Amino acid sequence: MLRTQFIRENREEVVRSLKIRNWTDDQLSLIDQVLSTDDSRKQSQTALDELLAGINSRSKQIGELYKSGKAEEANQLKTEVSEIKEKSQQLTDQMNQAIAHLEELLLQLPNIVHPTVPAGKGEEDNEVYKPCESNLDKPEGVDLAHWDLAEKYDILDMAAGAKIAGSGFPVFKGKGARLQRALISYLLDQVTDQGYLEIIPPLLVNEDTARATGQLPDKEGQMYHATADNLYLIPTAEVPITNLYRDVIVKDEDFPIKMTGYTPCFRREAGSYGADVKGLNRVHQFDKVEIVQITHPDKSYDTLNKMVSMVSGLLENLELPYRILRLCGGDVSFTSALTFDLEVFSLAQQRWLEVSSVSNFETFQTNRLKCRFKDENGKMRLAHSLNGSAFGLARVMAAILENNQSSDGIRIPKVLIPYTRFDIIN
RNA sequence: GGAAGAGUGGCAGAGCUGGUUGAAUGCACCGGUCUUGAAAACCGGCGUGCGUUAACGCGUACCGGGGGUUCGAAUCCCUCCUCUUCCGCCA
């Protein structure tokens, strides 16, 4: 969420950013609504504070008058106070209304995009930041999509998942399950070697938590909701892990805060359909290793680059052809200022699969989280937060299976063999 | 699930028979004196949000969350949450 003060002081910047996000002039009027609502909020508060000051000073006097036995004068003041109180009640209501309305408006404003975010309407306009260097032609013998390979080698059973839960809940079996576990262990080992602290968080979170990272209220329909206890199943480890720093004042020397965690992720994916959702391409439950950083504002873009190159390195180690996209204004998420997507090429499907999305949220999340630090002048400032996946494993799995198939079976990438303890699925 | 107790500033810990208590005291932290330096000692400072101001400052709100009683609440009442201990149940 943006701060009103920021919008007030950087109006041009906000407009520029919203235009990159393809906002129409009509929609831009939201900015003025925000500012005028904030004005009336301030007015109410100034008036209210004055009344409250009157009540406070009279109350003090009343106490003193009673002590010195002047009950009559005290009673006089009491009636004055009750009159003031009526007015103050009105103003309080007014102010609270303004605050609620302001909040509602602010929730509609997306993050400011970074100057390097290209204009564009959607996916097709994303900038290829780092193209893929490998040959992407379909090689001889790479014919089967992962759902066919799954059946052939009996390592993944979507139908079984559909029976016991519903469609989009994969069941991994045998070497498939083991490969999945190998990926988790390998990635966690690599990432923790880079100084990330490993976290195993709760998989269900409360409302406050979901709100702080922005899943509520905007994405309520995307989360599974356990209504009996009012808990939400996490759509990503980003939610519980980032919330570890909700309402925390970070010490300068604690930067950068680097955390990682493996969790299953649960997404309702309401409204998805078609070829996109086949096999592991889009599922309701998938495993993911997430990386999160909370940094000093001056360092966050440097950090973003480091995160992207670390994640790229992991794809290289897994011997997967990939490219990096810089998301355009039409595709960058509501909360992000700058996002790089890493896509892996599935040779059998002949299509790109997004396996990681690395973003800098600047202060957009930390504002809601109230995650701050004291700068060198002793001033409270919001920290920057970033996160990325390393990786969404369902799709990495899909690509490994497809790209490494041959008549002999599916070859396991070298770095994973110590974890799988087999080198081929056949 | 049942019973009892507790939740106060970075931490520890008073206040809780309602009225200079935004909150004692100690520790930690920052600045200074002293010292060759450090430690100790001494002096001073040390919460956050919002409003207002050119600024110093002033006002206001906050003692787990929400609501209530009262002229006035950290202090009384209601409710929710969390923690501790005891009992029950259980992987």
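Note on naming: letters A, B, ... go to the chains in the order of the sequence lines (proteins, then strands), and numbering restarts at 1 for each one. Model, not experiment: these values are computed from the prediction.
Taking the C1' atom of each, rG10(B) and rC46(B) are spaced 11 Å apart, rounded to whole Å. The C1' atoms of rG59(B) and rC76(B) are separated by 28 Å, rounded to the nearest whole Å. For the C1' atom pair drawn from rG13(B) and rC63(B), the interatomic distance equals 13 Å after rounding to whole Å. Separation of the P atoms belonging to rU8(B) and rG18(B) is 22 Å when rounded to the nearest angstrom. Remark: the separation of the P atoms in rA74(B) and rU60(B) is 13 Å, to the nearest Å. Across rU84(B) and rG44(B), the matching P atoms stand 41 Å from one another, rounded to whole Å. The P atoms of rA24(B) and rG64(B) are separated by 16 Å, rounded to the nearest whole Å. Taking atom P on both nucleotides, rC87(B) is separated from rU79(B) by 27 Å, rounded to a whole Å.
Checking the phosphate oxygens (OP1, OP2) of rC71(B), no side-chain nitrogen or oxygen of K60(A) falls inside 4.0 Å. Contact between the side-chain N/O atoms of R58(A) and the OP1/OP2 oxygens of rG72(B) is not found at any separation under 4.0 Å.
Within the 4.0 angstrom heavy-atom criterion, only backbone atoms of the sugar-phosphate kind lie near N56(A); the bases stay farther away. In this structure, K374(A) reaches the sugar-phosphate backbone alone: every heavy-atom distance under 4.0 Å involves primed, P, OP1 or OP2 atoms, never a base. When heavy atoms are screened at a 4.0 angstrom cut-off, L77(A) is found touching no nucleic acid atom at all.
In this structure, the CD atom of E64(A) is 8 Å from the C1' atom of rU20(B), given to the nearest Å. The nearest whole Å value for the distance from the CG atom in D49(A) to the C1' atom in rU53(B) is 14 Å. With rounding to whole Å, M95(A) atom CE is found 12 Å from rU52(B) atom P. In this structure, D229(A) atom CG and rG1(B) atom C1' are separated by 14 Å, rounded to whole Å. The distance between atom CG of L52(A) and atom P of rG59(B), rounded to the nearest whole Å, is 13 Å. Residue K87(A) contributes atom NZ, which lies 17 Å from atom P of rU60(B) at whole-angstrom precision. Atom NZ of K42(A) and atom P of rG59(B) are 20 Å apart (whole Å). Per the geometry, CD belonging to E72(A) stands 16 Å off C1' belonging to rC71(B), to the nearest Å.
rG72(B) is unpaired under the Watson-Crick or G-U wobble criterion, no partner having all donor-acceptor distances under 3.5 Å. Figure legend. rU20(B) is base-paired to no nucleotide; pairs are counted as Watson-Crick or G-U wobble with both atom distances under 3.5 Å. Here rC83(B) sits opposite rG5(B) as a Watson-Crick or G-U wobble pair (both hydrogen-bonding atom distances under 3.5 Å). Look at rU48(B): its Watson-Crick or wobble partner, with both distances under 3.5 angstrom, is rA61(B). Shown here, rG26(B) forms a base pair with rC11(B); the pair counts as Watson-Crick or G-U wobble because both key distances fall under 3.5 Å.
Ranking rG72(B), rU52(B), rU60(B) by closeness to the T46(A) side chain, first place goes to rU52(B). Side-chain proximity of R41(A) to rC71(B), rG49(B), rC50(B): nearest is rC50(B). Of the candidate nucleotides rG19(B), rC50(B), rU48(B), rC50(B) has the atom nearest to the side chain of Q45(A). Taking the side chain of R372(A) as heavy atoms from C-beta on, and the options rU60(B), rG49(B), rC50(B), the nearest nucleotide is rG49(B). Counting only heavy atoms from C-beta on, K85(A) has its side chain closest to rG72(B) among rC50(B), rU60(B), rG72(B). Proximity note for A53(A) (side chain, C-beta onward) versus rG59(B), rG72(B), rU52(B): the nearest is rG59(B). Taking every side-chain heavy atom of I55(A) into account, rG72(B) is the closest of rG59(B), rG19(B), rG72(B).
Between the Q405(A) side chain and the E402(A) main chain, a donor and an acceptor come within less than 3.5 Å of each other.
In terms of heavy-atom proximity, S300(A) sits nearest to N360(A) at OG-ND2, 3.0 Å.
Of the charged side-chain nitrogens involved, at least one lies within less than 4.0 Å of a carboxylate oxygen, so that K306(A) and D302(A) count as a salt-bridged pair. Between K374(A) and D252(A) there is no salt bridge, since none of the side-chain N atoms of the basic residue sits less than 4.0 Å from a carboxylate O of the acidic one. Of the charged side-chain nitrogens involved, at least one lies within less than 4.0 Å of a carboxylate oxygen, so that K288(A) and E290(A) count as a salt-bridged pair.
Residue H101(A) forms a side chain to side chain contact (heavy atoms under 4.5 Å, CB included) with just one option from N96(A), L106(A), T37(A), D38(A), and that option is T37(A).
Remark on RNA chain B: of its neighbouring residues T79(A) and G54(A), the 5'-side contact belongs to G54(A), judged by nearest-heavy-atom nucleotide.
Side-chain contact of N387(A) with Q293(A): a donor-acceptor pair under 3.5 Å is absent, judged by distance alone. Residues H114(A) and T116(A) bring a donor and an acceptor atom of their side chains to less than 3.5 Å of each other.
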